[in-house]
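Working notes for the structure below.
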There are 2 protein chains.
Amino acid sequence: MREFDLIGRLLRPLARQAKESLGLEDDAAVLAVAPDRELVATLDMMAAGRHYLDGDDPALVARKLVRVNLSDLAAMGATARGILLGYAARGDLDEDAARRFVEGLGRDLEHFSLALLGGDTISQARGEVFSLTALGEVPKGEALRRCGARAGDLLYLSGTLGDAPLGLAALKGELARREAWIERFYLPSPRLSLGQRVRPIAHAAIDVSDGLVADAGHMARTSGVRLVIDRARLPLSADTCRLLAEQPEWWTRVLTGGDDYELLLAVPPEGRDDLMRAAQAARTPLAWIGRVEAGEGVTVRDEAGRALSFAHPGFVH
Amino acid sequence: MREFDLIGRLLRPLARQAKESLGLEDDAAVLAVAPDRELVATLDMMAAGRHYLDGDDPALVARKLVRVNLSDLAAMGATARGILLGYAARGDLDEDAARRFVEGLGRDLEHFSLALLGGDTISQARGEVFSLTALGEVPKGEALRRCGARAGDLLYLSGTLGDAPLGLAALKGELARREAWIERFYLPSPRLSLGQRVRPIAHAAIDVSDGLVADAGHMARTSGVRLVIDRARLPLSADTCRLLAEQPEWWTRVLTGGDDYELLLAVPPEGRDDLMRAAQAARTPLAWIGRVEAGEGVTVRDEAGRALSFAHPGFVH
């Protein structure tokens, strides 16, 4: 069983740039953290047949794994430092697939100026599972949290909503293919620059991974407030707009589907101008979608002001 | 699919003590690192059917997962700060098994004064896979490495060698059961206290996870030296001693079997007294097992001084 030797050899160059990785020769990575900073650490897993389809391009799987983790750092307003990778390969390793995975990983590590700091490769009889730990940092005491939303805050959402879950639906044959949707499903854009820039402005932030309704629910619950979202204000891509005009039943998937990895922000009204400047500097579109009120839970209102209800608020990973 | 809700609920109390976990309510954990310290991070995975047997007590699986990761920190001379857990459960979650896992995890986190800082729980159709990231710290610039061994250094090994691989053999029915072996297989003792105390004394350290011959090989290769080990000096438990006296063919398993998680240290001769004091303070037995020479590779000599050879130097995880 030498398959992980191959993976280890392929991964080694991805660590070369970073002295923190110790060249992957030791049992652990060692990182200095500046005295005015704190370390931010997150771990996300992805499994074949659950978070991606069995025939998916391994390069895209690797890149999504990186991006999903970076999105967690973005939601905290953190900068990214590096990653640890856990690669549980199938015993009957497909060498080409491993090469493609490492290629994709390397491409995104370069894109985000990150190094591979360490990790583990195991082989096992069953399906592939990947685990990634992303390490980042924030100025001391300034991490953005989910729990800071206050009544009176305005709600903003970055990018567009729904493309990723519609991309998944298209991949499954439930919808006609739109390449833009599918690309968004495979390659979310972690909003790192936006997260860092809004850190001093926003009261609360969360990334939309489980679905807007579910993630807004997390913010509402931890903040002890009610979130009211106007469906008509939600930012949509042209493809999604067209679909919803013709088949409004897809609204549920857009609102609860998850995988968009956009940032939902709660911002005090007096922060609005700073927020717009931050979004511009981060080159990230930002739409006003609702407000925070006293109370609890999440209400999404349709164009007539009626509250919508959802049997399943979000995707369960 | 709400199975991970159960796991999440069970895990939450393990994070309550640590403000760094943010109560597991956010996307990431936030840790302060003192200005004179560096962060140490490691990730190890375990899979059903590969690193443990399918019917194994999930509490023991959890505890081994913690200990295997802490052993990596011990080898760097680090203190442990906390962990991130990745739990890829089977879709048809066995609730009792999940409860037992979290119970075992909680027990060891308490034992090692560690907190659960974050992580991810996913469900998937195939076998269970666990991933753990352990975070620790060392004084700046003082992490113990594998690569520092020099010709003239003495080699030391903590604890006893071979109990864990013999325990696995017993579990598989290849050997008569000895409870002490089996316990060592399930519950290695990460040598954290020893690692911290020998950090200023030793030139190099590695934990024996793949097998003594393989891990000594890692130290030899990264240090650019030759390691010569005298088999007669290896510290053995009474059970192992008895077995080897009767069935010397088990020597190979003892030397290459892995899973012992003892520390192999390279120490300059003038550090010997300090080393003995450190071992005493850490209450960890330490045996002199050989020396470092110029050259490359690992030589294990038998009682007559003949070099032994091994078809497979170690366990491939």
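Every chain is numbered from 1, with letters handed out A, B, ... down the list of sequences.
Heavy-atom distances place both the backbone and the side chain of Leu22(A) under 4.5 Å from chain B. Contact of Ala48(A) with chain B is made through backbone and side chain together, with heavy-atom distances under 4.5 Å. Neither the backbone nor the side chain of Ala134(B) comes within less than 4.5 Å of any heavy atom of chain A. Of the atoms belonging to Ala88(A), heavy atoms from both backbone and side chain fall under 4.5 Å from chain B. Heavy atoms closer than 4.5 Å to chain A are found in the backbone of Met46(B), but not in its side chain.
Of the listed residues (Val138(B), Leu43(B), Asn69(B), Leu135(B)), the greatest number of heavy-atom pairs within a distance under 4.5 Å of chain A belongs to Leu43(B). With chain A as the partner, the residue from Leu117(B), Thr133(B), Leu73(B), Ile206(B) showing the most heavy-atom pairs under 4.5 Å is Thr133(B). Among Gly136(B), Ala143(B), Ala75(B), Ala47(B), the residue making the largest number of heavy-atom pairs under 4.5 Å with chain A is Ala47(B). When the candidates Ala74(A), Gly118(A), Gly141(A), Gly119(A) are compared by the number of heavy-atom contacts under 4.5 Å with chain B, Gly119(A) comes out ahead. Across Arg146(B), Lys140(B), Glu20(B), the residue that shares the most heavy-atom pairs under 4.5 angstrom with chain A is Arg146(B).
The structure places CG of Asp120(A) at 7.5 Å from OG1 of Thr42(B), a figure rounded to the nearest 0.5 Å. Rounding to the nearest 0.5 angstrom, the gap separating the CG atom in Asp72(B) from the CG atom in Asp26(A) is 10.0 Å.
By the side-chain contact (heavy atoms from CB on, under 4.5 Å) test, Ser71(A) is found to be paired with Pro190(A), Asp207(A), Tyr261(A), residues two or more places apart in sequence or in another chain being considered. Remark: Asp215(B) engages no residue in a side-chain hydrogen bond (donor to acceptor under 3.5 Å, both in side chains) (not counting sequence neighbours).
For residues 30-39 of chain A, a heavy-atom distance under 4.5 Å to chain B picks out Val30(A), Leu31(A), Ala32(A), Val33(A), Pro35(A), Glu38(A), Leu39(A), given by residue number. Scanning residues 76-87 of chain A against chain B with a 4.5 Å non-hydrogen threshold yields Met76(A), Leu84(A), Leu85(A), Gly86(A), Tyr87(A), sorted by number.
In Arg150(B), the CZ atom is not crowded: 12 or fewer heavy atoms of neighbouring residues, nucleotides or ligands sit closer than 6.0 Å.
A salt bridge between Glu25(B) and Arg145(A) is absent, with no side-chain N of the basic residue lying under 4.0 Å from a carboxylate O of the acidic one.
Counting only heavy atoms from C-beta outward, the side chains of Ser131(A) and Met45(B) approach each other to under 4.5 Å.
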